[in-house]
Amino acid sequence: MTHARQHLVPDDTALTVHCVQRCVRRAFLCGVDRYSGQSFVHRKDWVEQRLLHLSAQFGVSLHGYAVMSNHLHVVLRIEPSVVERWSDDEIAERWVNVFPSRTGEATDDAAKRERLLSRPEQLTTCRRRLASLSWFMRCLAEPLARRANREDSCKGRFWEGRYKCQRLLDDRAILAAMAYVDLNPVRVRMTDRLGTDDFTSAALRLASVEKASEQLHEPLRPIAGVMTAHCLPLTTAA
């Protein structure tokens, strides 16, 4: 018997999860279509940039990800206690960064922030949503689907229903999930070496290590989002 998502992943609770979001019919909508030969690889960059952008706005610690040709893996931790410490101004700023004004003009974004600050109940709702896994995944999936549909001049689903989610109960489970996610390109023979395929957290970590070798022996931190909330008992050198 399946359980309701709200029981597996309750809001306002610090937890770490491994999420999988698949393209509809598992089609290669972010890779090279096997039938037409058309390439949609550029959409992997859309997914990665959106993921990193949202991680900087929501109360999450992003530990790992892999953007594949027909699905996406994400390992992240929800940090509601961090969101509770954010000021009202910061909540309004982050919310507008996620949902900017329709015009995209700085003056209109500023006006939207002011309106939000003048509505305490709405601001409380925004604070709760910035600590919600469901809202994070919704804000990740929906704009990408709309953008892809505009590019293809079509309507309909881009993602195959809701994301799949598994709770990770300790650091050992988190590290196992991160290894599984980063090794996905190797497993499907997209590459033969860890970190050589773009659009994975492994590639991002290795690039950052090359720029700052003195960080090799520090605890393994998230790659985006709340960087200090939850470090893992492992170093990059290990």
Side-chain angles (χ1 to χ4, degrees), residues 5-6 8-24 29-30 43-68 71-84 86 88-104 108-109 112-113 115-116 119 121-151 155-166 181 199 201 204 222-227 229:
R5 182 70 59 85
Q6 61 182 343
L8 295 174
V9 189
D11 286 338
D12 303 323
T13 302
L15 49 85
T16 308
V17 293
H18 172 204
C19 298
V20 181
Q21 181 81 68
R22 294 190 180 278
C23 294
V24 67
L29 299 180
C30 294
R43 291 176 181 171
K44 291 187 177 184
D45 184 60
W46 296 358
V47 178
E48 183 178 55
Q49 294 305 316
R50 182 66 180 173
L51 180 61
L52 295 175
H53 172 68
L54 292 178
S55 298
Q57 309 305 325
F58 278 72
V60 304
S61 300
L62 181 63
H63 288 282
Y65 68 88
V67 185
M68 308 298 288
H71 65 283
L72 165 70
H73 288 274
V74 182
V75 178
L76 57 82
R77 180 175 175 81
I78 303 297
E79 306 283 3
S81 62
V82 174
V83 178
E84 285 302 316
W86 290 343
D88 289 350
D89 286 338
E90 192 168 3
I91 293 294
E93 178 73 22
R94 289 171 180 270
W95 190 255
V96 173
N97 287 340
V98 176
F99 295 101
S101 62
R102 292 184 180 276
T103 64
D108 292 333
D109 286 347
K112 186 173 182 178
R113 285 193 295 272
R115 288 196 301 272
L116 186 56
R119 300 169 181 172
E121 291 185 3
Q122 186 176 353
L123 196 64
T124 298
T125 299
C126 294
R127 184 184 296 276
R128 185 175 65 253
R129 289 175 176 176
L130 287 174
S132 166
L133 174 64
S134 294
W135 270 87
F136 180 89
M137 294 301 293
R138 172 181 176 175
C139 293
L140 174 64
E142 186 175 328
L144 293 170
R146 292 180 183 277
R147 186 175 181 181
N149 283 351
R150 283 197 301 270
E151 182 179 65
K155 297 180 180 180
R157 286 186 177 273
F158 182 86
W159 301 107
E160 186 180 66
R162 290 197 71 187
Y163 60 93
K164 304 297 189 295
C165 180
Q166 179 182 28
V181 168
F199 314 114
S201 50
L204 198 62
I223 55 176
V226 182
M227 301 297 289

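These numbers were taken from a predicted model, which means no experiment stands behind them.
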Check Glu90, Glu79, Arg94 against Leu130 for a side-chain contact (heavy atoms from CB on, under 4.5 Å) and give me the one that passes.
Arg94

Counting distance only, does the side-chain N/O of Asp108 pair as donor-acceptor with the main-chain N or O of Arg102 below 3.5 Å?
no

So that I can tick it off, tell me whether Glu48 and Lys44 are bridged by a salt bridge, with the cut-off set at under 4.0 angstrom between side-chain N and carboxylate O.
no

How far does CG of Leu204 sit from CD1 of Ile223, to the nearest 0.5 angstrom?
5.0 Å

On a heavy-atom basis, which atom in Cys139 and which in Phe58 lie closest, and how many Å separate them?
SG-CZ, 3.9 Å

With a 4.5 Å cut-off on side-chain heavy atoms, are Tyr65 and Cys19 touching?
no

As a quick check of understanding, evaluate side chain to side chain contact (heavy atoms under 4.5 Å, CB included) for Phe136 and Leu51, giving each step before the final call.
CA-CA 9 Å; Phe136 180 89; Leu51 180 61; 3.8 Å; yes

Tell me whether Arg127 contacts the main-chain N or O of Trp86 through its side chain, where contact means a donor paired with an acceptor under 3.5 Å.
yes

Hey, can you tell me if Trp95 and Phe99 have their rings parallel, tilted or perpendicular (30° and 60° cut-offs)?
tilted

If you apply the rule side chain to side chain contact (heavy atoms under 4.5 Å, CB included), what do you find for Cys30 with Phe158, and how did you get there?
CA-CA 10 Å; Cys30 294; Phe158 182 86; 4.0 Å; yes

Closest approach of Ala92 to Leu116 (non-hydrogen atoms, all atoms of both residues):
CA-CD2, 3.6 Å

I'd like to know if Glu142 pairs up with Arg146 as an ion pair, taking the criterion as any Lys NZ or Arg NE/NH1/NH2 lying under 4.0 Å from an Asp or Glu carboxylate oxygen.
yes

Looking only at non-hydrogen atoms, find the nearest pair between Val20 and His71 and report the distance.
CG1-CD2, 4.4 Å

Any idea which heavy atoms bring Arg77 and Ala14 closest together, and the distance?
NH2-CB, 3.7 Å

Side chains of Met137 and Trp159 in contact at under 4.5 Å (non-hydrogen atoms):
no

Heavy-atom distance under 4.5 Å between the side chains of Ser55 and Leu76, does that happen here?
no

Would you indicate whether the side-chain heavy atoms of Ile91 and Val83 approach each other to under 4.5 Å?
yes

Can you tell if the side chain of Tyr163 reaches within under 4.5 Å of the side chain of Val74, non-hydrogen atoms only?
no

Taking Arg113 first and then Asp89, would you say they form a salt bridge - that is, a charged N and a carboxylate O separated by under 4.0 Å?
no

Could you go through the side chain to side chain contact (heavy atoms under 4.5 Å, CB included) check for Val47 and Arg50 one step at a time?
CA-CA 5 Å; Val47 178; Arg50 182 66 180 173; 5.9 Å; no

Quick one: does His63's side chain have a donor or acceptor within less than 3.5 Å of a partner on Ser201's backbone?
no

Determine yes or no for a side-chain-to-main-chain donor-acceptor pair under 3.5 angstrom, with Asn149 supplying the side chain and Lys155 the backbone.
no

At their closest point, which heavy atom of Ala131 faces which heavy atom of Ile78, and how far apart are they?
O-CG2, 3.2 Å

Mind checking the CD-CD spacing from Glu93 to Gln57? Nearest 0.5 Å is all I need.
8.0 Å

Report yes if some heavy atom in the side chain of Lys112 is under 4.5 Å from a heavy atom in the side chain of Pro100; otherwise report no.
no

How close do Ser61 and Pro222 get, counting heavy atoms only, and between which atoms?
CB-CG, 3.7 Å

Quick one: do Leu62 and Leu52 satisfy side chain to side chain contact (heavy atoms under 4.5 Å, CB included)? Show the steps, please.
CA-CA 8 Å; Leu62 181 63; Leu52 295 175; 4.0 Å; yes

